[in-house]
Amino acid sequence: MGLSPIGGWWMGAALAVALAAPVVAASSGTGAPDWWSPGEGKRMPAEASYDNPYGKLTVLNTTGPIETAGHPFFTPLGANGRACVTCHQPSDGMSVSAAHIQARWLETKGKDPLFAAVDGSNCPALPQDKRASHSLLLDHGLFRIFVPWPPKNADGSSLNPDFSIEVVRDPTGCNTDKTYGLKSANPMVSVFRRPRPAVNTKYLTTPDSIAGFNAKTGMPFARDPETGAFVSQELMADGRTLTLKTQAVDAGLSHLETAAPLSPAQLNAIVAFETQVYAAQSASSIGGAFAATGAPPGLGALAMAKGRPGILGNDLKTPVFQSFEVWRPKPGGPTDAGAAFRASVVRGADLYMTKTFWIRDSAHLNTVGLGNPIKRTCSTCHNAQMTGMDVAPGWMDIGTNNLPTADPLAHLPLFKVTCRKDAYPHPFLGRVIYTHDPGRALTTGKCDDVGSITMQQFRGLAARAPYFANGSAKDLMALIVYYDRRYEMKLTDQEKQDFVNFMSVL
Amino acid sequence: MRALRTALLAALALALASAPATAGDGTPPPGTKPPAGRMNFVGCPVIRDTAEVPCWLAEYQGELYYIGIQNDITATFHPPQLKHRALVEGMVSKKPRICGGIVLEPVNVSVIPEVDTRCNKILPAQGYRIDNAPRGTGPASRGMQAASDPNPPPPAPPPPPPAPPFAPRDVAVRFGFDGLYMNFHNFKIVQDTAAYVRASGARKIRIEGHRGATLLSNGRTLVETAGLARQRADKVAEALRGLGVAPASLEVAASEVIETPDGVADFERRRVRIVVTP
């Protein structure tokens with residue numbers, strides 16, 4: 001556990017991130033000191049803190065220390081030597097940062113099971129000993145997600161997609177490969193995505209309380225195949241799995257290459273672990289430790305453990321990340337660097353809740369009865385208290401994957417989607433769409449879902465650059481710069497930095 | 001394509017206008033127009049950047065019509081979308097102009113599904129403002145307990161289930177022109193119906209899909225896409241099943257008969273009728 005003192009060289013690292021904006025945010029300097037390898041058998045403490053470029057992140061096991069020997073989340077269960085923890089690292093907010101991936105490549109000379117051919121390389125067909133064959137993972141933190149095409153309905157029946165899909169550009173070679181490609185014997189689409197944090201899961205799995213109305217579809221919520229209860233539909237970028245259990249089965253078969261689905265006992269142990277572990281940033285290298293008296297009540301892992309899921313935070317009484325008032329500068333108060341940083345966080349929190357801009361041409365936000373455009377704030381979309389997700393199922397197309405709004409992403413595949421004449425088109429792009437990742441549409445086969453991604457939680461952002469499902473924002477500044485361009489927010493440099501500082505403490 | 005097809009059908013309707021009207025294909029007798037005071041048109045929506053909230057207008061033949069303001073999903077007015085034309089079906093009100101537009105009230109607005117990038121106008125406030133809006137552009141002021149409250153208030157009790165006597169119930173779920181999306185209020189009708197089915201133990205639920213036609217102020221007729229009646233019925237049936245209604249109790253039908261539009265109540269005919277017989 002890196003329990004280094006606040007400040008010191010850290011401040012330098014944070015400044016470097018803010019100013020130089022390197023390709024990938026600087027990691028904790030040398031390597032990945034807190035890397036958790038599968039099968040280590042260590043005991044995971046009830047509470048541990050880990051260094052990251054912006055300060056520290058705390059991970060809290062509310063049921064006490066976890067004996068990880070033999071625990072299915074921490075044990076290699078399949079052919080490739082990986083465990084869940086390989087890609088869901090405590091030090092990285094239960095995701096994994098590109099910086100730590102690079103460090104592991106250097107430390108293990110590419111032998112870490114992280115780099116397994118199946119999805120830790122650009123394509124399993126490539127020579128695995130070459131760095132270039134793992135460039136998407138190393139340079140952008142992206143794993144290959146391969147889904148059968150066409151998709152099936154949730155009950156396994158066949159589904160007739162609204163569109164056909166062609167490969168326009170294939171830098172990894174995988175979508176045109178004779179074994180793994182779209183025209184292979186087992187046709188599949190390969191897209192490349194960041195791991196989502198497997199933590200704070202009560203917030204991910206609680207369905208919206210507006211009794212069963214899924215505003216994104218105008219239909220009832222989907223149900224848990226096992227219990228019949230409504231589910232949140234907030235898991236995975238494309239919402240393809242409905243519960244933590246079905247997600248774990250999917251993860252086992254794909255990432256871990258298990259020969260058979262995980263056993264009921266293994267699934268229960270995984271879900272039990274995931275539902276008691278909480279994480280959030282707990283200290284800023286400039287602004288100090290949050291646990292100090294009077295810290296904003298919404299910060300820190302304990303706040304995550306104590307908070308209630310399902311609260312709509314798009315209002316000033318229950319703001320999304322609660323109140324930051326205690327950090328608001330007061331006349332005669334301190335004026336040191338820490339106070340200045342905290343003041344910037346407060347401004348960022350204010351901007352997040354109140355800075356209005358035209359939210360436009362975003363499928364599943366502007367199409368759910370709100371109109372296009374709507375003049376609102378970040379918290380209109382990111383409205384769920386504690387996580388900044390959407391209390392409704394959070395898939396929307398904010399343009400991160402589709403042309404012409406996506407950042408230039410020459411390293412990613414590009415698909416051409418052509419919608420059937422008798423289907424509803426994409427609401428803002430029409431019937432021919434160029435996309436790097438069809439997102440939700442890979443699950444539903446619907447044109448109006450092309451490019452839609454279920455938003456991720458905001459906690460532990462500091463520990464897991466890069467951002468967005470496709471890793472297109474190399475750091476928090478790049479994320480804000482994307483929004484500034486996409487929605488013509490006309491932010492000043494100071495406002496951008498305030499946003500970054502605010503996000504860095506979550 | 002849908003829009004194109006609609007346009008073609010409209011053209012067809014025009015061509016047929018000289019021929020005697022056949023019942024059931026949505027063609028009114030030649031020369032029929034909506035009654036005075038009705039404004040039914042397809043035009044570009046326009047949004048104006050007014051304080052406290054933006055207001056929505058629609059442009060038709062060089063004139064602006066006021067149709068409503070920005071609000072929340074649970075509001076009854078659902079604004080249209082730039083990059084789409086809108087079908088506006090309204091009554092000209094005697095109220096003074098709002099936001100620079102002739103007030104249409106009541107008004108029904110549909111988003112034409114096909115993209116039309118020509119509709120893309122945001123007007124400056126030009127001195128107009130909207131006062132007393134239920135909600136501004138920023139966060140809502142609605143009160144709630146903080147999540148960190150150790151003693152959260154108990155959740156509001158669910159509404160009591162429907163009570164006997166259980167009479168047959170006949171309700172309509174409406175859709176926007178050429179639309180298949182159920183908004184919050186229409187979903188609520190389906191949800192209430194599901195609750196009624198559960199409480200009454202009804203074993204027979206008839207679902208009847210319809211598509212419609214609209215008589216425009218210029219005398220043309222817009223007819224909804226063929227096949228939509230069936231898709232709507234299937235959608236409502238799927239929603240009822242999703243809400244726990246036994247699939248075996250559902251009788252799903254669709255009517256391809258298009259009632260002759262009158263320019264007044266045309267929006268009511270784009271519907272799914274649900275008849276519950278306890």
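In what follows, chains carry the letters A, B, and so on, assigned in the order in which the sequence lines appear, proteins first and then strands, with residues in each chain numbered from 1. This one's a predicted model, so the numbers in the text were calculated from it and none came from an experiment.
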Which bit of [X] comes within less than 4.5 Å of chain B, counting heavy atoms only: side chain, backbone, both or neither?
X: A:Asp361; answer: side chain
X: A:Arg376; answer: both
X: A:Ser323; answer: neither
X: A:Thr356; answer: side chain

For the residue pair A:Arg360 and B:Leu82, establish whether any side-chain heavy-atom pair is separated by less than 4.5 Å.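 Of all side-chain heavy-atom pairs linking B:Leu82 with A:Arg360, at least one is under 4.5 Å.
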
B:Gln81 vs A:Phe428 side-chain heavy atoms within contact, under 4.5 Å: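 Yes, close enough: below the 4.5 Å cut-off.
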
Between A:Thr354, A:Ile374, A:Thr377, which residue shows the highest count of heavy-atom pairs closer than 4.5 Å to chain B?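 Winner by heavy-atom pair count: A:Ile374.
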
Check each atom of [X] against the heavy atoms of chain A and say whether the ones under 4.5 Å are side chain, backbone, both or neither.
X: B:Asp72; result: both
X: B:Asp49; result: both
X: B:Ile47; result: side chain

Show the numbers, then the answer: is there a side-chain contact (heavy atoms from CB on, under 4.5 Å) between A:Phe221 and B:Leu243? CA-CA 9 Å; A:Phe221 277 84; B:Leu243 292 165; over 6 Å; no

Over all atoms of both residues, closest heavy-atom pair of [X] and [Y]:
X: A:Trp358; Y: B:Pro54; answer: CH2-CG, 3.8 Å
X: A:Tyr424; Y: B:Asp178; answer: OH-O, 2.6 Å
X: A:Pro425; Y: B:Glu114; answer: CG-OE1, 4.1 Å

Under a 4.5 Å cutoff for heavy-atom pairs, which residue among [options] has the most contacts with chain A?
options: B:Val190, B:Val236, B:Asn183, B:Leu180; result: B:Leu180
options: B:Pro80, B:Gly244, B:Ala75; result: B:Pro80
options: B:Arg135, B:Lys83, B:His84; result: B:Arg135
options: B:Val109, B:Ile122, B:Val53, B:Val111; result: B:Ile122
options: B:Ala239, B:Ala194, B:Gly138, B:Gly136; result: B:Ala239

Set out, in order, the CA-CA distance, both residues' side-chain angles and the distance that settles side-chain contact (heavy atoms from CB on, under 4.5 Å) for A:Leu429 and B:Val115, then state yes or no. CA-CA 7 Å; A:Leu429 298 172; B:Val115 172; over 6 Å; no

Check for a donor-acceptor pair, side chain of B:Tyr181 on one end and backbone N or O of A:Gly369 on the other, with a separation under 3.5 Å.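 A pair under 3.5 Å: no.
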
Rounded to the nearest 0.5 Å, how far apart are CE of A:Met219 and NZ of B:Lys235?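 The NZ atom of B:Lys235 is 5.0 Å from CE of A:Met219, to the nearest 0.5 Å.
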
Nearest 0.5 Å, please: how far is CD in B:Gln70 from CG in A:Leu370?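 One gets 8.0 Å once the value is rounded to the nearest 0.5 Å.
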
